[in-house]
Amino acid sequence: SAGTRYATLAAPGKDISVLVGGGSVSVDSGTSFAAPFVSGTAGLLLSLDPSIGNSELKPLLINGALRRGRTISDSRGGAALPLLDVY
């Protein structure tokens, strides 16, 4: 429906350098390239505190992004999404 928000957090997903067969590098874009940034950040948080539960993890990621104040426009409708910030 109009106005439905599909994401609550943005991560780098455009022009990401990736290794491909034979050790060469390719540049690609999409959610498949953004998701590892989010899961890697979640892993870092869990390595710092393994007691973090699933219900706490998402707010930590979102609040961390909001704290830095950087946003990026959602390609589906222009809504500003907080940009993932590992720091």
Drop me the distance from [X]'s [atom1] to [Y]'s [atom2], to the nearest 0.5 angstrom.
{"X": "K58", "Y": "T8", "atom1": "NZ", "atom2": "OG1", "value": "4.0 Å"}
{"X": "R70", "Y": "L84", "atom1": "CZ", "atom2": "CG", "value": "9.0 Å"}
{"X": "D85", "Y": "F37", "atom1": "CG", "atom2": "CZ", "value": "12.5 Å"}
{"X": "R68", "Y": "N63", "atom1": "CZ", "atom2": "CG", "value": "14.5 Å"}
{"X": "L45", "Y": "L61", "atom1": "CG", "atom2": "CG", "value": "5.5 Å"}
{"X": "T41", "Y": "L60", "atom1": "OG1", "atom2": "CG", "value": "11.5 Å"}

*Does one hydrophobic cluster hold both V38 and I16, with members joined at side-chain heavy-atom distances below 4.5 Å?*
yes
*In one Ile/Leu/Val/Met/Phe/Trp/Tyr side-chain cluster, 4.5 Å: V86, L81*: no
*For E56 and P59, work out which heavy atoms get closest and say how close.*
O-CD, 3.3 Å
*Between K14 and S29, what is the shortest heavy-atom contact and its length?*
CA-OG, 3.3 Å
_A side-chain contact here means heavy atoms from C-beta on lying under 4.5 Å apart; do V20 and V25 qualify?_
no
*Would you mind reporting whether D15 and F33 have side-chain heavy atoms less than 4.5 Å apart?*
no
*asked:* Surrounding CG of D49 (heavy atoms of other residues, nucleotides or ligands, distance under 6.0 Å), is the total greater than 12?
replied: yes
*Is there a donor-acceptor contact under 3.5 Å from the side chain of T71 to the main chain of P82?*
no
_I'd like to know if the side chain of D28 pairs up with that of S26 as donor and acceptor (distance under 3.5 Å, no hydrogens or angles considered)._
no
